[in-house]
Structure formats: structure tokens, C-alpha cells
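Counting starts at 1 for both ligands and their atoms, following the listed order. Sequential numbering from 1 along the given sequence is applied to the chain's residues. As the structure is a prediction and not an experimental result, all values here were calculated from the model.
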Amino acid sequence: MVRSIIKIINKYNAGNFPKSDEINLQSNENPYPPPKDVIDAILKAINLVNRYPNPEYEELKIGISEYLNIDVKNIFLGNGIGDCIYNICNTLIESLDQVTIPMPSYTMYVMYTMLREASLNLPVYPYYDINFEELAEISSNSKLIFLCSPNNPTGNSLSLNGIRTLAESFKGYIVIDEAYVEFASKSALKLINKYENIIILRTFSKFFGLAGLRIGYGICKDYDVVSALEKVRLPFCISQISLHAGIAALRCIDYYNKIKEKILRERELLFKKISKLEKLSVFPSDANFLLVKVENNLKLSEKLRKRKILVRDVTGLMGLKGEHVRITVGRPDENRALLNALKDIFKN
Ligand SMILES: *Cc1c(COP(=O)(O)O)cnc(C)c1O
């Protein structure tokens with residue numbers, strides 16, 4: 001018999017996958033291909049796929065430790081952040097433990113918390129404008145808090161002072177998902193040394209443009225937590241090809257920073273142009289996507305899909321009132337196509 005909790009867990013919604021002629025602005029991926037060095041590393045690694053990768057993944061961890069200037073022993077790995085979240089839930093949550101997840105945010109936290117039969121505490125903060133003093137109070141009995149900064153889908157970064165306030169008083173662990181942090185102006189990484197109860201999650205899926213290869217990692221000062229997470233993850237959770245691509249990507253930071261600058265310029269341009277449209281309100285973003293509120297239940301994502309552009313309809317996400325779409329910042333040609341489609345939709 002399948003466990004009864006499985007029946008009430010909603011399947012993760014990964015959106016519509018694009019047909020070949022559709023412009024995909026719905027999954028917050030990096031729209032640019034990997035640099036030549038990463039492609040060369042992948043081609044070389046193809047010849048090694050008869051072998052298991054070394055499960056210690058030492059070279060990858062050293063690369064990450066140099067990238068972030070943190071100690072190798074504070075790093076744990078996973079098959080993307082999704083896998084890290086799953087392992088964190090398995091490692092830290094007993095059934096009936098309370099877990100706090102401010103909403104609206106990423107639904108994967110809820111999914112794997114439920115799988116542990118934990119008790120969910122889901123306070124709503126409109127547009128993720130978290131009141132940290134209040135959050136500290138209402139989560140004081142929780143074992144774990146999941147935060148996301150910049151948050152998906154609202155795009156805002158959390159205040160470091162707010163996180164400090166919470167970390168000072170909170171007895172459990174605070175997970176901060178920083179999947180988009182390279183596009184943002186601040187990171188909680190500098191709090192790691194002071195607060196052993198903070199766990200930061202990072203990925204190669206966004207800034208490093210390797211969503212298809214599945215590499216995630218986390219950082220925590222508490223060595224008990226890091227060693228537990230390194231123990232419970234699948235020993236070969238990162239494939240031989242992904243491992244070599246990840247190591248190479250960390251040596252191409254200049255390439256990725258140039259791409260980031262392009263994406264940030266396009267983000268500001270899209271923000272400005274979308275702000276001018278009467279029926280849409282766009283929220284400032286610290287990530288590579290924009291949250292847009294749509295007036296009058298226009299079913300904007302369907303109208304855009306008819307024009308071969310995919311955006312994510314996030315209407316109905318707990319804590320978002322009314323129609324909202326999340327739009328990934330694409331390449332200039334893709335963003336132009338989006339703006340033209342919006343012009344066409346709102347021409348009357
Ligand atoms: C895209 C995204 C991730 C990345 O997940 P991976 O499993 O590493 O691809 C993590 N968290 C949030 C909030 C995201 O939007």
C-alpha cells in the first residue's frame with residue numbers, strides 16, 4: 001500500500017515543456033549555452049562514463065570552496081537543490097516536528113516536508129515581505145524554517161538584518177535557498193560563520209546555466225549537519241559528466257559574469273517596458289525573472305502561449321491573490337518577442 005500522505009501531496013508542477021518553436025520564459029533557466037571549456041570538459045568526460053565518479057567529489061568541492069571562499073568541510077552536495085532539500089528533510093525532520101515555510105514561495109519545501117509527516121506552519125506574507133520579528137515568534141516551536149532569497153516567485157531578496165534577528169533566537173535550523181543569488185545584490189553567506197543554524201543552498205542550474213546536469217550544494221558551519229547530509233545523499237548523486245562540467249564551469253566565472261550583466265540589463269529593460277502596460281504590475285526583482293500581476297483575470301499565460309511564448313502561471317499559489325505570471329528574463333531576441341506579444345495582446 002502506498003503511504004496515505006502520498007495521496008495528499010501535490011505533484012511538483014514543472015510547467016509546460018516547450019515545443020521546438022516556442023520561446024521558453026517559464027523555468028528561470030539561463031538562456032545562453034555553456035562556454036567552450038565546459039563543453040570540452042563534457043566531451044572529455046563522455047569517455048569516462050563506464051566508470052563511477054569518485055563519490056567524495058573532492059575537486060568539485062575545492063572549486064566551490066574557492067569560488068565562495070569557504071572551507072571544504074562546510075560543503076555538502078546533491079543532485080540539484082531539489083535533492084538537497086529532500087536530504088535535509090530526511091536528516092532533520094522527525095514526524096510531527098513543526099516546519100515553518102513563509103509563503104508565497106517554492107513549493108518543493110512543502111512537498112518534502114509533508115513526505116516526512118511533519119506539521120506545516122505556512123504563514124503568508126504578501127509578496128514575501130517578511131516581518132522577521134513576527135516570524136521569529138510564530139516559528140519558535142519549529143524545527144526548521146525554509147526561506148528563499150531572492151524568492152521564487154516574488155523576486156525579492158530578504159534583509160540580512162532580518163535573517164540575523166531570526167537566527168539569534170531560533171532554536172532550529174534556517175534553510176536559505178539562494179538558487180538565484182548570483183543575480184542579486186546580497187547573500188546570507190557571510191552569516192554562516194556566526195550562525196551555525198543557517199544552511200545555505202546553491203545550484204549550478206541558474207547562473208552557471210547547467211540546469212540539465214543537476215548539480216546542487218549547500219553550506220553550513222555545523223559539521224554534524226554537513227556530515228549527516230554527506231552520509232545520506234546517494235553516493236553517486238552527481239554524474240561523471242556533470243561533475244566534470246561543474247569543475248570546468250567554476251573556472252569560467254568571467255564568461256558567466258558577462259552573461260549575468262546582459263541578463264541584468266535585460267531585466268531592467270523588461271521591468272521598464274512592462275511597467276508601462278496598464279493592466280500589468282511588475283515587481284522589482286533581484287533574480288533572473290519578474291513577477292507580474294495581471295488585472296481582470298486575462299489568462300495572460302494562455303494568450304502568450306497562443307503567440308508561442310511560455311511563461312509560468314503562478315495564479316493560485318498560496319499567498320498570491322489574483323492572477324500572476326512569472327516571466328524569465330531571456331535573450332534580447334526572446335524578450336523583444338515577449339514585448340511584441342504583450343503589445344499585441346494589449347493593443348486595444
Ligand atoms: C530553480 C530553483 C532551484 C534550483 O533547483 P535545482 O534542483 O538545483 O535545479 C532551487 N530553488 C528554487 C527556489 C528555484 O527556483
Strictly by modelled atom types, are Thr100 and Ser139 linked by a side-chain donor-acceptor pair under 3.5 Å? no
With under 30° as parallel and over 60° as perpendicular, where do the rings of Phe208 and Tyr256 fit, or are they tilted in between? perpendicular
Angle class for the Tyr67/Phe207 ring planes (parallel below 30°, perpendicular above 60°, tilted otherwise)? parallel
Kindly work out whether a path of hydrophobic side-chain contacts (I/L/V/M/F/W/Y, heavy atoms less than 4.5 Å apart) joins Leu122 to Ile176. no
Run through all N or O atoms in ligand 1 and write down each protein N or O closer than 3.5 Å, as a pair with its distance.
from     : atom 1 : to     : atom 2 : distance (Å)
ligand 1 : 7 (O)  : Ile81  : N      : 3.1
ligand 1 : 7 (O)  : Gly82  : N      : 3.1
ligand 1 : 7 (O)  : Arg214 : NH2    : 2.6
ligand 1 : 8 (O)  : Ile81  : N      : 2.7
ligand 1 : 8 (O)  : Thr203 : OG1    : 2.6
ligand 1 : 8 (O)  : Ser205 : OG     : 3.4
ligand 1 : 9 (O)  : Ser205 : OG     : 2.7
ligand 1 : 9 (O)  : Arg214 : NH1    : 2.8
ligand 1 : 9 (O)  : Arg214 : NH2    : 3.3
ligand 1 : 11 (N) : Asp177 : OD1    : 3.4
ligand 1 : 11 (N) : Asp177 : OD2    : 2.6
ligand 1 : 15 (O) : Asn152 : ND2    : 2.8
ligand 1 : 15 (O) : Tyr180 : OH     : 2.5
ligand 1 : 15 (O) : Lys206 : NZ     : 3.4

May I ask you to decide if the ring planes of Tyr106 and Tyr12 are parallel, tilted or perpendicular, using 30° and 60° as cut-offs? perpendicular
Which one of Thr113, Ile93, Leu144 satisfies the side-chain contact (heavy atoms from CB on, under 4.5 Å) criterion with Ile88? Leu144
